[in-house]
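This report concerns only the one structure given below.
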Amino acid sequence: MKPSDKSSESSPTGIETRLVTSGRDTIAQSGFVNPPVVRGSTVLYPSADDLRAHRGTFQYGRHGTPTTRALQDALKALEGPQCAGVALAPSGLAAITTALLSVLKAGDHLLVCDNAYRPTRNFCNGFLARYGIETTYFDPLIGAGIAAHFKANTRAVLVEAPGSQTFEMADIPAIAEVAHQRNALVLDDNTWATPLYHRSLEQGVDISIQAATKYIGGHSDIMFGTIAANAKAWPQLIENVRLLGVCAGPDDVFLALRGLRTLAVRLAHHHQAGLAMARWLAQRPEVAEVLHPGLESHPGHAIWKRDFNGASGLFSIVLKPVSQQAVDALLDAVSLFGMGYSWGGFESLVIPFDCASYRTATTWAPAGPALRLHIGLESPDDLKADLARGFEALNAAHRQ
Ligand SMILES: *Cc1c(COP(=O)(O)O)cnc(C)c1O
C-alpha cells in the first residue's frame with residue numbers, strides 16, 4: 001500500500017510532495033532551501049501605532065517565529081484539509097497534557113483507553129484528579145460499546161491506536177461517532193502511525209497529537225510535541241496554549257522540520273523492515289506471540305487495514321515462559337538493538353515491559369516475558385543475526 005492511498009483527495013498533490021514542499025517560503029528564506037533558526041524573544045515594532053495595535057507578522061517569540069511558522073505550515077499540510085492549526089510543545093507529553101487541559105475543566109469527566117502511554121495515565125491520575133477532573137479507563141477494543149461509559153459530564157475521549165506497548169487496535173471512527181453524538185471531543189495520540197499512516201483528523205478525531213520526539217524528529221536528538229486540531233477544537237486549543245505559555249525551542253523546531261522532510265522514506269523502510277522482522281520472529285521457537293497489527297494473525301489486523309496506510313517500526317513480542325536471567329542474557333547479547341526508552345529514531349531498540357500493575361479496565365497476562373522492539377534503518381539481515389545471537393544466549397541461560 002502506498003501512504004498516499006487514503007490521503008485527502010481534495011489536495012492537488014500527493015502527501016509525499018506536500019512533506020517536501022510545504023512551509024517553504026524561498027523568497028523569505030533568501031533562496032535557501034531551509035529556513036534560518038530564528039532565536040528570538042523581542043520583536044521590534046516600527047512605530048508606536050504598530051506597537052499599540054500589535055501589528056506585524058510576528059509579535060513575540062513565544063507566539064511564533066519564522067522557523068515555527070515554517071514548521072506549522074508543513075505540519076498543517078501533512079495533517080490535511082480538516083486541520084485548522086497546529087500548536088507546538090516542548091515534548092510529546094507536554095502536547096498531550098496541554099491538549100487535555102485545553103478541553104477539560106473542573107467537574108468534567110474524561111475517558112481514556114486502557115493502553116494509553118503510561119505518563120498520560122499518570123497525568124490524569126496525578127494532576128487532573130487534583131483539579132476535579134475524573135478519568136475512567138476503557139477497554140481499547142470496546143468500539144461503539146464506549147457509549148456505556150458516558151456520563152452527563154463526559155467532555156473528552158483520548159485514544160491511542162495501537163497502544164504503544166501492547167498494540168491493541170481501537171476502532172477510532174466508531175468511538176468518535178459515539179463521542180460526537182454526546183458532545184465530547186476526541187483526542188488521538190497518533191505517535192505510532194504519524195499523520196502519514198493514520199489520517200486522524202479525517203477519521204473523526206478532533207485533536208491529533210504527535211510525540212514528534214519519535215518519527216517526526218526521527219534521529220533521537222530532540223524532545224518535541226505537536227497538537228493539530230480541527231476547526232471545532234482549534235480556538236479553544238490555541239487560547240489555552242497561549243494561557244499556559246507553551247512553546248518550543250528554536251533548534252528543536254528546526255530539527256523537527258528537517259526530520260519531517262524525510263518522514264515518508266524513513267517510514268516506508270520502518271514499515272517494510274518492521275513487518276519482515278515481525279514475520280521472522282513469529283517463526284522463532286522462543287516466541288509465543290508477535291503483537292504487530294500488520295500481521296494477519298493480529299486481532300486488530302482488520303481495523304489496521306481499514307484505517308491505516310502503513311505500520312511503523314514499533315511492535316512487541318511475548319516470549320515463551322523463561323526466567324528473567326534468560327531474558328537478561330538476550331538483552332545483554334544483542335548489540336544492534338540498544339536498550340533505552342523512546343523510539344522513532346534511525347536505530348533499533350529493545351526494552352522489556354510489563355503493564356500488568358497499572359491496567360485497570362483490562363488484564364495484561366501474557367504467556368511469558370514481553371519485549372518491545374523498534375526496528376531501525378539498519379540492514380534487516382544484520383538485525384536478524386543480532387536477535388539470533390540473543391536467542392542463543394537466552395536458550396543457553398534457560399538450560400542452566
Ligand atoms: C514517547 C511518547 C509520548 C511522549 O513523548 P515525549 O516526547 O517523550 O514526551 C507520548 N505518547 C506516546 C505514544 C509515546 O510513545
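Order of listing sets the numbers, starting from 1, for every ligand and every atom in it.
Within the 3.5 Å criterion, the main-chain N or O of Lys151 finds a donor-acceptor partner in the side chain of Thr154.
The side-chain hydrogen bond (donor to acceptor under 3.5 Å, both in side chains) pairs that include a residue from residues 318-338 are Ser335-Asp386, where partners are two or more places apart or lie in different chains.
Numbered from 1 in the order shown, with element, the atoms of ligand 1 that lie under 4.0 Å from a heavy atom of Ile96 read 10 (C), 11 (N). Close approach of ligand 1 to Trp343 (heavy-atom distance below 4.0 Å) involves ligand atoms 15 (O). Close approach to Met223 involves these atoms of ligand 1, each under 4.0 Å from a residue heavy atom: 6 (P), 7 (O), 8 (O). Within the listing of ligand 1, atoms 2 (C), 3 (C), 4 (C), 5 (O), 10 (C) sit less than 4.0 angstrom from a heavy atom of Ala211. Proximity to Leu93 (heavy-atom distance under 4.0 Å) selects the following atoms of ligand 1: 4 (C), 5 (O), 6 (P), 9 (O). Close approach of ligand 1 to Thr213 is summarised as follows: ligand atoms under 4.0 Å from at least one heavy atom of the residue are 6 (P), 7 (O).
Residue-to-ligand polar distances keep Glu160 apart from ligand 1: every N/O pair is separated by 3.5 Å or more. Considering backbone and side-chain atoms together, Lys214 places an N or O closer than 3.5 Å to an N or O of ligand 1. Considering backbone and side-chain atoms together, Asp189 places an N or O closer than 3.5 Å to an N or O of ligand 1.
Taking 4.0 Å as the cut-off between side-chain N and carboxylate O, Arg69 and Asp25 do not count as a salt-bridged pair.
With Leu371 as the fixed residue, the side chain to side chain contact (heavy atoms under 4.5 Å, CB included) test singles out one of Leu281, Val318, Val327, Val287: Val327.
A donor atom on one side chain and an acceptor atom on the other are not found under 3.5 Å apart for Ser164 and Trp192. Side-chain polar atoms of Asn115 and Glu168 form a donor-acceptor pair below 3.5 angstrom.
Of all the heavy atoms of Thr120, none lies under 4.0 Å from any atom of ligand 1, so neither backbone nor side chain is involved.
Nearest-heavy-atom check against atom 6 (P) of ligand 1 across Pro90, Gly92, Gly344 picks out Gly92. Of the listed residues (Phe224, Tyr215, Tyr117, Trp192), the one carrying the non-hydrogen atom nearest atom 3 (C) of ligand 1 is Tyr117.
In the hydrophobic cluster analysis, where Ile, Leu, Val, Met, Phe, Trp and Tyr join through side-chain heavy atoms closer than 4.5 angstrom, Val246 is grouped together with Leu104.
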Begin with the C-alpha distance, continue with both residues' side-chain angles, and end with the deciding distance and a verdict on side-chain hydrogen bond (donor to acceptor under 3.5 Å, both in side chains) for Asp188 and Ser208.
CA-CA 5 Å; Asp188 179 18; Ser208 170; 5.2 Å; no
